[in-house]
Amino acid sequence: MTNDIYILGIETSCDETAASVVKNGTEIISNVVASQIISQKRFGGVVPEIASRHHVEQITLVIEEALANAELKPAELDAVAVTEGPGLVGALLIGVNAAKAFAFANNLPIIGVHHIAGHIYANALMQPMEFPLLALIVSGGHTELVIMEGHGSFKLIGETRDDAAGEAYDKVARVLGLPYPGGPQIDKLAAESDGQIEFPRAWLEQDSYDFSFSGLKSSVINYKHNLAQRGEAVNPAHVAAGFQASVVEVLTVKALKAAKEFGVKQVIAAGGVAANKGLRASLEETFQNEGIPFYVPPIALCTDNAAMIAAAGSAMFIDGIRGNLTMNGKPGMPLSSWNK
Ligand code: KG4
Ligand code: ZN
């Protein structure tokens, strides 16, 4: 017997079917992600029923592969951690039910993890968290600034009032005729661009840490329509660069203001849009100049994966938190602090 803690993580909240084994909350032993991107591309986005069907086909194989790669038997695990919410209800249910069946069959505790807590804890796989910390979460469904005073303590100080950052990326990419998911496409175009169109920044009220991206999206659409009326075509790279500059500037400025106001020891970025090269560079440079430690996980741990769910589940396990077999998918689950 060792005192090491091995947690199996399972994630199916959107369009990735993923399973991973993490040791002691910090070390990835295996990490398997089956992406549905090829299928979603055909439809220009995630179709909930199709996502669920993919999860059903993949989930058992993905869990088996994660265990095989980790060279562990179920009996050697300490618990199963699964994304309980938020997300697509049909997609969440596949992961939750797989986790319940696995936990029941192997007599293991089950732990329900909030998807955003997972994104935040992807950082714990890279370096220890130091509190208080500021987390900037930017994904397809979320744009949030969260202060953490300790493990499992989440204080929401700002969030989007309309579209999430990733959603704005995907919608603008669609306007430009780029394939799904649009974030990486816009990122690439912006990096290669030799110019940029000026689009507005949504600062909102002076003391607000909230975000808004739907106005920016509308400006891009209006810009395209205006050109079309004059019989001119858009330069997609210039639009991509201008759009990205607006998103990155607002995210960076608000994150810096919050980091200073709350006197944090560490700033971390998380979520699919944290894979964005322009955003990473801007945050890295800004916080370096301010002397505030800033971290962002490698790209594969920014987009949806199960290692992050296992990492958060490990911290919850260590805190003594256990779920039970009445667990259900919670599509609108709030990011609340876990009770110690
Ligand atoms: O975290 P994630 O994988 O799934 C959610 O929980 O939503 O985030 C997916 C989002 C998509 O909107 C995608 O376009 C965006 O992250 N994304 C990016 C980049 N890579 C993924 N956005 C901007 N630049 C990128 N390089
Ligand atoms: Zn996510």
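Because the structure is predicted, anything quoted here is derived from the model rather than measured. Atoms within each ligand, like the ligands themselves, are counted from 1 in listed order. Note that the numbering runs from 1 along the sequence shown for the chain.
For the pair Pro184 and ligand 1, a heavy-atom separation below 4.0 Å is found.
Neither side chain, His238 nor Tyr223, offers a donor N or O lying under 3.5 Å from an acceptor on the other. Under the 3.5 Å distance criterion, with hydrogens and angles disregarded, a donor-acceptor pair is assigned to the side chains of Thr252 and Ser282. Between His115 and Glu84, the side chains place no donor N or O within less than 3.5 Å of an acceptor N or O (distance only, hydrogens not considered).
Ligand-side atoms of ligand 1 in range of His115: 6 (O), range being under 4.0 angstrom from any heavy atom. Atom numbering of ligand 1 starts at 1 in the shown order; those under 4.0 Å from a heavy atom of Gly272 are 1 (O), 2 (P), 8 (O), 16 (O), 17 (N), 18 (C), 19 (C), 20 (N), 21 (C). Near Ala275, the atoms of ligand 1 lying under 4.0 angstrom from a non-hydrogen atom of the residue are 20 (N), 26 (N). Contact atoms of ligand 1 toward Gly166: 12 (O) (distance under 4.0 Å to a heavy atom of the residue). In summary, the atoms of ligand 1 found under 4.0 Å from a heavy atom of Gly141, numbered by their order in the structure, are 7 (O).
Checked against a 3.5 angstrom limit, the closest N/O atoms of Gly271 and ligand 1 fall outside it. Checking only distances, Gly183 does come within under 3.5 Å of ligand 1, N or O to N or O. The distance criterion of under 3.5 Å between nitrogen or oxygen atoms is met by Asp170 with respect to ligand 1. Checked against a 3.5 angstrom limit, the closest N/O atoms of Asn276 and ligand 1 fall inside it. For ligand 1, the polar-atom distance check finds an N/O of His119 within less than 3.5 Å of one of the ligand's N/O atoms.
Counting protein heavy atoms only, atom 10 (C) of ligand 1 is closest to Gly140 N, 3.5 Å. Closest to atom 2 (P) of ligand 1, if we only count protein heavy atoms, is Asp304 OD1, 3.4 Å. At the top of the distance list for atom 26 (N) of ligand 1, counting protein heavy atoms only, stands Asp187 OD2, 3.0 Å.
With respect to the salt-bridge test (charged N to carboxylate O, under 4.0 angstrom), the residues Glu261 and Lys254 do not qualify. A salt bridge is defined here as a Lys NZ or Arg NE, NH1 or NH2 lying under 4.0 Å from an Asp or Glu carboxylate O, and Glu49 with Arg53 fails to meet this definition. Under the 4.0 Å criterion applied to side-chain N and carboxylate O atoms, Lys260 and Glu290 are assigned as salt-bridge partners.
For Asp304, the N/O/S atom at the shortest distance from the Zn ion (ligand 2) is named OD1.
Looking at Lys224, its side chain does come within 3.5 Å of a backbone N or O of Val175 through a donor-acceptor pair.
Taking the centre and axis of the six-membered ring of Phe317, the NZ or CZ atom of Arg322 falls inside the cone set by 45° and 6.0 Å.
Contact of the Phe213 side chain with the Lys171 side chain is not registered, since no non-hydrogen atoms from C-beta on lie closer than 4.5 Å.
Within the coordination shell of the Zn ion (ligand 2), defined by N, O or S atoms under 2.8 Å, Cys14 is absent. Inclusion of His119 in the first shell of the Zn ion (ligand 2) is supported: an N, O or S atom falls under 2.8 Å.
Aromatic ring centres of Phe211 and His142: separated by at least 6.0 Å. Ring centers of Phe154 and His114: at least 6.0 Å apart, outside the cut-off.
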